[in-house]
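One structure, as structure tokens, below. Some questions next.
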Amino acid sequence: MFEYLLGISVLSVAYVIYIYNSLVNLREAAINDSKMIGVQLDRRWKVLQSLISAVSKYMSYEETVLKDVVSLRSQAECAVEGGDQVNRVAAENAISKIIPGLNVMVEAYPDLKANTTVIQLMEEIVSTENKLSFSKQSYNDSSERFNAKILQFPVNLVVGLFGEQFKAFAYWQLEKDDEKEKEDFIAKL
Amino acid sequence: MNWRHQLTVNKRKTVMILLSFFVLYFLLGAFVAILFQPYTTQSWWTILLTPQSRWIVMIFLLVSLMIVLTAVFFGGKLSLAGTKAVRVTEDSEDLRAKQLYNIVEEMKIAAGLRYMPAIYIMPVGYMNAFASGWHEKNAVLAVTRPLLEALNREELQAVIAHEISHIRHQDTRVMTLVSVLASVLVMMIDIIFRSVLYSKPRRGRRNDASGLLVIVIMVIRILLPILTAFMVMYVSRKREFLADAGCVALTRNNLGLASALRKIHQGHTMHEKDVQEAYEQTPNESVRSLAYIYSPRKSGIRNFLNVHEWFSTHPPLKERLEALGVKDGEDAS
């Protein structure tokens, strides 16, 4: 009888160790992906700064949407310093909304359109914006894997043992009114 | 079936291919050992136990190990052989090349890969792309110049996502192994074949026996390409569907790949003669034919010297488009 109990307890300890380690792997993957988002946000700011300096030869940036970008970025930086994640996300998302408009701005100035540096920077901006959304996508995917795992039976029992360490990750998503706006969108012809 | 399942399947296949390769080389070594034994009266297993035979078999196994190591470390670079491919880096001046680099980096982030593959542009006359290499670290991703010129950003992104999916699923590992090992094996047999053909009969060996050996070697010379073709068949056609699916999962867009595949197909059918010539003029096509996103066979371009092409390695375009949820004939937007 004792041998059976010992066997079962050894097996269950091994199972708990196995689950714990796989949860740690999944969690770290998700954390890594979330760091990637921050890296891309910084990169985007650098590219935008170069665009601003390239554009300033042709016009005062005060006249353009780039002015809004700069003020939004400083808002985001303030939010990071204050540890305010919600405001930071809001400011960065607002920049994302401005970026499609940059193309229109460049199109309006023939000098700008012909400038190879600006063409290169526009490609950089498109690419960085893509990288940003792909890293959000990747973060959401790895969060989904982790979140689904910790809710599954019997993994959730193991999670109960280490409650504080394994908390579900929040997904990156559009804000509610944003979604509403996109759902109600009607193409005007 | 998801890509994680494909990953385990590919790991199993890698082990199987390696094992069968070592066994083949063991047999080849044993065969050569018997070939060089002057006394034909001995039965074959006693010949194998002599010190000389043991050395020969050992050397063959060592050579096979070196070939495998070459495939592991240089497999990606080897698949570019003969194309004069140009490496694309972050600081490329050419805008199109820079865009290619950016797209690969985007897809790398989407797939959660840790290393950037080495990116190459092949200056050849046909539209195609492939990925190869043993590991993420030494993976190679190459597109041809006409492909780069003809596709728009969205389509190029789809093609790159398809190739990145191959790397992520470790299809590249299986394909690199198969193509490198199969070509080297055929080369080895050729060397043995020629050395027997042109060597003078040795003293002490009966003439009829050496005549028999030549026949045996010729039979092997014919059988071996068929055997390697079976190895190629073992790399299933499912991998293309799965990479297509992986592409859609990464880009969240099925129309990009559909229109890219259609453009590549049109590029092959519209200038069939030029394209065929371009394929023929590029050396070492057989190393890449398995890995290409689009098999030139699908537009009727054939090369019977290439054993890989004896069997269908890629699914038909129509089936791929259907799997992407796009009807053939429907215009891509």
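Naming: A, B, ... by sequence-line order, numbering from 1 per chain.
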Quiz item: To the nearest 0.5 Å, what is the distance between CD (B:Gln99) and CD1 (A:Ile119)?
Solution: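 The CD1 atom of A:Ile119 is 11.5 Å from CD of B:Gln99, to the nearest 0.5 Å.
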Self-check item: SB check A:Glu123 B:Lys98 (cutoff 4.0 Å)
Solution: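 No, this pair does not count.
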Quiz item: If you take all heavy atoms of A:Lys131 and B:Glu106, which pair is closest and at what distance?
Solution: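 In this case the closest contact between A:Lys131 and B:Glu106 is CG-CG, 3.5 Å.
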Practice problem: Please assess B:Arg153 against A:Ser127 for the test side chain to side chain contact (heavy atoms under 4.5 Å, CB included), listing each intermediate value before the final yes or no. | Solution: CA-CA 10 Å; B:Arg153 200 177 201 283; A:Ser127 175; 3.5 Å; yes
Quiz item: Do other residues, nucleotides or ligands put more than 12 heavy atoms under 6.0 Å from B:Phe241 CZ?
Solution: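 It does: B:Phe241 CZ has more than 12 such atoms within range.
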Exercise. Under 4.5 Å heavy-atom distance to chain A, tell me which part of B:Ala111 shows up: side chain, backbone, both or neither.
Key: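 When you check distances to chain A, no heavy atom of B:Ala111 falls under 4.5 Å.
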Exercise. Could you tell me whether the side chain of A:Gln137 and the main chain of B:Leu250 form a donor-acceptor pair under 3.5 Å?
Key: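 Pair found, side chain donor or acceptor close to backbone of B:Leu250.
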Self-check item: Heavy-atom proximity to chain A below 4.5 Å, by part of B:Leu95
Solution: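 The side chain, not the backbone.
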Quiz item: Does a sphere of radius 6.0 Å around OH in A:Tyr18 hold more than 12 heavy atoms from other residues, nucleotides or ligands, not counting ones at 6.0 Å or beyond?
Solution: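 Not more than 12 within 6.0 Å, no.
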Exercise. Please say whether more than 12 non-hydrogen atoms of neighbouring residues, nucleotides or ligands are located less than 6.0 Å from CZ in B:Phe73.
Key: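 No, CZ of B:Phe73 has 12 or fewer neighbouring heavy atoms, counting only those of other groups under 6.0 Å.
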Practice problem: Flag the pair A:Asp141 and B:Arg252 as a salt bridge only when some basic side-chain nitrogen lies within less than 4.0 angstrom of an acidic carboxylate oxygen. | Solution: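 Looking at B:Arg252 together with A:Asp141, the answer is yes, because their closest N to O distance falls below 4.0 Å.
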Quiz item: Around atom CD of A:Gln152, are there more than 12 heavy atoms of other residues, nucleotides or ligands at under 6.0 Å?
Solution: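 Yes - once you tally the heavy atoms of other residues, nucleotides and ligands closer than 6.0 Å, there are more than 12.
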Self-check item: Distance, nearest 0.5 Å, that separates CG of A:Asn130 from CD of B:Glu105
Solution: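 CD of B:Glu105 is found 11.5 Å from CG of A:Asn130.
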Quiz prompt | OH (A:Tyr15) with more than 12 external heavy atoms under 6.0 Å | solution =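 More than 12 within 6.0 Å, yes.
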Quiz item: When rounded to the nearest 0.5 angstrom, what is the spacing between CD1 in B:Ile109 and CD1 in A:Ile37?
Solution: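 The CD1 atom of A:Ile37 is 10.5 Å from CD1 of B:Ile109, to the nearest 0.5 Å.
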